[in-house]
*Asks:* 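A single structure is presented below for examination.
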Protein chains: 2
Amino acid sequence: MKHSLDTYQLFFGSLSNPNRLQIINLLRKGKRNVTEICQDTGFEQTMVSHNLKRLETCGMVFATKVGKYKYYALNKKTIRPLMKMIDEHMHEYCEHVVHKKN
Amino acid sequence: MKHSLDTYQLFFGSLSNPNRLQIINLLRKGKRNVTEICQDTGFEQTMVSHNLKRLETCGMVFATKVGKYKYYALNKKTIRPLMKMIDEHMHEYCEHVVHKKN
DNA sequence: ATCTTATATGATAGAAATATCATATGATAT
DNA sequence: ATATCATATGATATTTCTATCATATAAGAT
C-alpha cells in the first residue's frame, strides 16, 4: 500500500454506496449532464450533485462544462478493469454471499 | 456490472474501513492467527474477529484452523492486483486529494 | 433587468456502520 | 473435571454516512 489509509478509505467508500454505484453504472453508457442523470435514475438533483462531486474528487468521473450544463463522463480507464476484476473475484469467491445490511 | 448493487456495496464497504485495511496490510506479510493480529496492530480481539469474519465473507481472506488457533491468510490473487490497480489510479488522479472525514 | 433553468453548497436529521461490552464456544493443559 | 487460552457471537451506545432541505451561484431566455 503506497498511500495513506485515509485515501484508500475515501476511494473504496466512494464505491460502497448504491446510489453512486448506480450513477457509475449509468455513465458506462456515455456522458450525461446532471439533469439527465436525475431523469435516468429517478434521483434528486442535490443528491446527484453531492455524489458526483465525491466521484470526481476520487478521479472516478470527469466533468466538462458546456454552457449551463455540466457533463460527467466515467473514467473508463480505471473503472472498467476494476469492475472486471471484482466481477471475476465475486464469481470465484462470493457467488454464495447474501448481503444483509451489515 | 454482473452482480447486484448490494454485493458491490458489501465488497467495497469491506475495504472502506481503516481497521480492516490495516489487517489486510498486515496479512500481506504472511499468515497470522487472531492473537498475533491483535498484537501486531494493537486492536481488541473481538473487533479483529468481527472484521476478519467480514473479510472472509467477501473472500478477501482465507482461514485454516490449527488446534485452537485460527490462521488467516490474504487472498493474494485478488488483493495484490487490486491494490496495484488502485495505487496506479491514485498516483494518476488522486495525488492532490486530502481526505476530510466525509 | 428579471425570470427561469442548471448545478452546487452548507447544515442537519435520520440511517447505517463501528467498536466495545458481555458472554459463549471450543481446544488444550493440569 | 476444571482452569486457562483462543476465538466467536449478539447486543448496543457511539461514531460516521447519507439524503434532504434551504439556499446560492451562474448561465440563458424573455
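Order of the sequence lines sets the chain letters (A, B, ...), proteins ahead of strands, with each chain counted from 1. All figures in this text were calculated on a predicted structure; none of them were measured in a lab.
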*Asks:* For the residue pair Tyr93(A) and Phe62(B), is the inter-centroid distance of their aromatic rings smaller than 6.0 Å?
*Replies:* yes
*Asks:* Starting from P on dT18(D), measure out to CD1 on Ile23(A) and report it in whole angstrom.
*Replies:*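 Roughly 12 Å, once rounded to whole Å.
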*Asks:* Taking the side chain as every heavy atom from C-beta outward, state whether Gln22(A) and Met1(B) have any pair of such atoms under 4.5 Å apart.
*Replies:* no
*Asks:* What is the distance, to the nearest angstrom, from the CD atom on Gln9(A) to the C1' atom on dA17(C)?
*Replies:* 11 Å
*Asks:* Which residues satisfy the side-chain contact (heavy atoms from CB on, under 4.5 Å) test with Met85(B), sequence neighbours excluded?
*Replies:*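 Applying side-chain contact (heavy atoms from CB on, under 4.5 Å) to Met85(B) gives Pro81(A), Leu82(A), Met85(A).
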*Asks:* Return each pair, listed once, that meets salt bridge (charged side-chain N to carboxylate O under 4.0 Å, His left out) where at least one residue sits in residues 57-76 of chain A; pairs must be two or more places apart or across chains.
*Replies:*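 Every candidate salt bridge (charged side-chain N to carboxylate O under 4.0 Å, His left out) pair involving residues 57-76 of chain A fails, so no pair, neighbours aside, qualifies.
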*Asks:* Donor-acceptor pair, distance only, cut-off 3.5 Å: does the side chain of His89(A) make one with the backbone of Lys84(A)?
*Replies:*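 No; zero donor-acceptor contacts below 3.5 Å.
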*Asks:* By nearest atom, which of the nucleotides dT7(C), dT18(C), dT20(C) is closest to the Thr35(A) side chain?
*Replies:* dT7(C)
*Asks:* Grab the CG-C1' distance between Asn33(B) and dT7(D) for me, whole Å please.
*Replies:*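 Roughly 10 Å, once rounded to whole Å.
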*Asks:* Below the 4.0 Å mark, does dT18(C) have OP1 or OP2 next to a side-chain nitrogen or oxygen of Asn17(B)?
*Replies:* yes
*Asks:* Can you measure Phe43(B) atom CZ to dT7(D) atom C1' for me and round it to whole angstrom units?
*Replies:*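 Distance check: Phe43(B) CZ to dT7(D) C1' gives 18 Å.
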*Asks:* Between N or O atoms, less than 3.5 Å apart, protein on one side and nucleotides 8-11 of chain C on the other: list the pairs.
*Replies:*
{"from": "dA8(C)", "atom 1": "OP1", "to": "Lys70(A)", "atom 2": "NZ", "distance (Å)": "2.8"}
{"from": "dA8(C)", "atom 1": "OP1", "to": "Tyr72(A)", "atom 2": "OH", "distance (Å)": "2.7"}
{"from": "dA8(C)", "atom 1": "OP2", "to": "Ser49(A)", "atom 2": "OG", "distance (Å)": "2.9"}
{"from": "dA8(C)", "atom 1": "N7", "to": "Gln45(A)", "atom 2": "NE2", "distance (Å)": "2.8"}
{"from": "dA8(C)", "atom 1": "N6", "to": "Gln45(A)", "atom 2": "OE1", "distance (Å)": "3.4"}
{"from": "dG10(C)", "atom 1": "O6", "to": "His50(A)", "atom 2": "NE2", "distance (Å)": "2.6"}

*Asks:* At under 4.0 Å, does any side-chain N or O of Arg54(B) touch on OP1 or OP2 of dA17(C)?
*Replies:* no
*Asks:* Side-chain donor-acceptor pairs under 3.5 Å in residues 23-30 of chain A, sequence neighbours left out?
*Replies:*
none

*Asks:* Whole Å only: how far is the CG atom of Leu55(B) from the C1' atom of dT18(C)?
*Replies:*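 Spelled out: CG on Leu55(B) to C1' on dT18(C) is 14 Å.
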*Asks:* Lys31(B): what forms a side-chain contact (heavy atoms from CB on, under 4.5 Å) with it, not counting sequence neighbours?
*Replies:*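 Result, side-chain contact (heavy atoms from CB on, under 4.5 Å) vs Lys31(B): Tyr71(B), Ala73(B).
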*Asks:* Can you find a pair of side-chain heavy atoms, one from Thr64(B) and one from Tyr72(B), that are under 4.5 Å apart?
*Replies:*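 SC-SC contact between Thr64(B) and Tyr72(B) ruled out.
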*Asks:* Applying a 3.5 Å limit to both distances, which nucleotide forms a Watson-Crick or G-U wobble pair with dT30(C)?
*Replies:*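 With both distances under 3.5 Å, dT30(C) matches dA1(D).
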*Asks:* For every nucleotide of nucleotides 25-30 of chain D, 5' to 3': is a protein heavy atom under 4.0 Å from its base (B), only from its sugar-phosphate (S), or from neither (-)?
*Replies:* --SS--
*Asks:* Looking only at heavy atoms, which two atoms of Thr41(A) and Ile37(A) are closest? And how far apart?
*Replies:*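 Looking at all heavy atoms of both residues, the closest pair is OG1-O, 2.6 Å.
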*Asks:* What integer distance in Å separates Leu15(A):CG from dC17(D):P?
*Replies:* 15 Å
*Asks:* Send over the distance from Phe12(B) CZ to dC17(D) P, rounded to a whole Å.
*Replies:*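 Distance, rounded to whole Å: 18 Å.
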*Asks:* Over how many whole Å does the gap from Arg20(B) atom CZ to dA17(C) atom P extend?
*Replies:* 10 Å
*Asks:* Go through dT20(C), dC17(D), dT7(C) for me and flag the one nearest to the Met47(B) side chain.
*Replies:* dT20(C)
